[in-house]
Amino acid sequence: MICENLGVNSLGHLTFGGMDTVELAEKYGTPLYLMDENRIRHNCRTYINAIRKYFGENAGCLYASKACSFKRLYEIVREEGFGTDVVSSGEVYTALKAGFDLKNAFFHSNNKTDEDIAFAIDNGIGYFVCDNLEEVMAISETAAEKNVTQNILLRLTPGIDPHTYEAVNTGKVDSKFGSAIETGQAFEITKTALSLKNIRLCGFHCHVGSQIFDSEIYIRSSEIMLEFIARVKAELGFEAEILDLGGGYGVRYIDSNPYIDIDKNICELADFMKKTVAQLNIKMPRIYLEPGRSIVADAGMTLYTAGTVKKIPGYKNYVSIDGGMADNPRYALYGSYYSVRSATRPEAPCDMVCTLAGRCCESGDLIQENIRLPHDIKRGEKIAVLTTGAYNYSMSSNYNRLGKPPVVMINDGKDYVAVKRETLDDIIRNDI
Ligand code: LLP
């Protein structure tokens, strides 16, 4: 099976984290997001152990909240020793309400509003990761008004194409994110940041993309960043304390996706960087990684109930479900692949090619095309879409006024609600 935490029990039902998914679907209703707490913790430990082993005890990991953000998740990643990457006042507020110490939070985004900046400073944000000069100036002004010295990193674009899908390609020179090294803007913004009284420049950040399987991408971007650090040291006398290399390691959505050995990747990256800093005559900065997808994707699954099964002879077969692009827009947006199973009969022969369609009012509302399910699948059967822990709940919407599904956590044979299902009253809550 695609994820290690899947199985089949004596009733022939699909299990997730050891629990019967059909029972859970009946208990909580569908659509239903399930998350396996043990798997999240396991994924966090893989990263934190590796980064500390190869880069030393002061290196760290930040959970990229955009992958999935709710209070319980911040508690779990904090317990596992992670800081967090946040991009909005909403993520800051959720982290705060979960008791997260914002000293360990890094505020990203390419356009922080004045309100975001003030709110984050008032709540003691550890670092802003500044995207551009205008933003450095805005943060400097607010910090001066509030009479604080604010730690920042500068987000730079190393000019690397990670060859993943366009929507998540962020390290190229023409990206909307960051200041490019190649154009000289990165150096200029560094000079300015160093001259500002209420700003303390701590180092640099880059993030080249997402769903990356090629470890060379990280080696190349670290080399470009270290060379930049060496140049800044030589020309401006400033030696970066922190280098944050972003997130992006890929996960397996379908059988043809490769496995990534995170420990081995981080080991090779550290070997390369240790050699490079020695050659460049700089000290190794404190290294951070910011995984999102690879922490939560395979810890998640979405359960649906099949509705209409429509066979158009000579054309297509559609299996419609009670959710769709409102709870998982990734196929509609990126054509992303997913593995789909009958949760009720995961071992039944999958002898019908079909499209898994959502219930929203548009033709593009599909979860996956050209998948295989049993030909006699019928209304009421439970269907599982696997590896949905990342960028599903966090990208969900109320399109067609559908309520968002709940997030139910599974932990050592127990289940508990981490996010409640939205009710009809929740849907009209802000209507006047
Ligand atoms: N750090 C920064 C600055 C980022 O922009 C991102 C992702 C990450 C870390 C985490 O990357 P990860 O480890 O999750 O790949 N909605 C898209 C993904 C957008 C990724 C945005 N940035 C999707 O559903 O595929």
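Numbering of ligands and ligand atoms starts at 1, following listing order. Numbering starts at 1 and runs along the sequence shown.
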Practice task
Pick out which of Y338, Y337, Y331 makes a ring pair (Phe, Tyr, Trp, His ring centres under 6.0 Å) with Y253.
Solution key: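 The residue from Y338, Y337, Y331 that satisfies ring pair (Phe, Tyr, Trp, His ring centres under 6.0 Å) with Y253 turns out to be Y338.
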Handout entry: Any N or O of Y391 closer than 3.5 Å to N or O of ligand 1
Key =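 Yes, there is a polar N/O contact under 3.5 Å.
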Problem - N/O separation below 3.5 Å, G292 to ligand 1 - result: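 Yes - when backbone and side-chain N and O of G292 are compared with those of ligand 1, one distance drops under 3.5 Å.
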Problem - Pair D322-T30, side-chain donor/acceptor within less than 3.5 Å - result: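 The criterion, which ignores hydrogens and geometry beyond distance, is satisfied for T30 and D322.
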Handout entry: Residue pairs passing the salt bridge (charged side-chain N to carboxylate O under 4.0 Å, His left out) test where at least one lies in residues 104-117, sequence neighbours excluded
Key =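 Pairs touching residues 104-117 that pass the test: K112-E135.
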Exercise for the section: Give every residue pair that meets the salt bridge (charged side-chain N to carboxylate O under 4.0 Å, His left out) criterion with at least one member in residues 241-251, sequence neighbours excluded. Expected result: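 Only R200-E241 qualify under salt bridge (charged side-chain N to carboxylate O under 4.0 Å, His left out).
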Atoms of ligand 1 close to [X] [distance to a heavy atom under 4.0 angstrom, numbered from 1]:
{"X": "G248", "value": "11 (O), 12 (P), 13 (O), 15 (O)"}
{"X": "R155", "value": "3 (C)"}
{"X": "A64", "value": "8 (C), 9 (C), 10 (C)"}

Just heavy atoms, cut-off under 4.0 Å: does [X] contact ligand 1 by side chain, backbone, both, or neither?
{"X": "H108", "result": "side chain"}
{"X": "D85", "result": "side chain"}
{"X": "R293", "result": "both"}

Practice task
Measure from NZ or CZ of R155 to the centre of the six-membered ring of F204 and say whether it is under 6.0 Å with the direction within 45° of the ring axis.
Solution key: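 R155 over F204 ring: no.
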Problem - Distance under 6.0 Å and angle within 45° of ring axis: R293 vs Y391 - result: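 No, R293 and Y391 do not form such a contact.
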Exercise for the section: Counting heavy atoms only, name the option from M395, K66, H205 that's nearest to atom 2 (C) of ligand 1. Expected result: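 Selected option, by shortest heavy-atom distance: K66.
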Practice task
Flag the pair K71 and E75 as a salt bridge only when some basic side-chain nitrogen lies within less than 4.0 angstrom of an acidic carboxylate oxygen.
Solution key: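 E75 and K71: not salt-bridged.
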So is [X] touching ligand 1 or not, going by heavy atoms under 4.0 Å?
{"X": "P291", "result": "yes"}
{"X": "Y334", "result": "yes"}
{"X": "A67", "result": "no"}

Problem - T149 and I199, any side-chain heavy atoms less than 4.5 Å apart - result: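 SC-SC contact between I199 and T149 ruled out.
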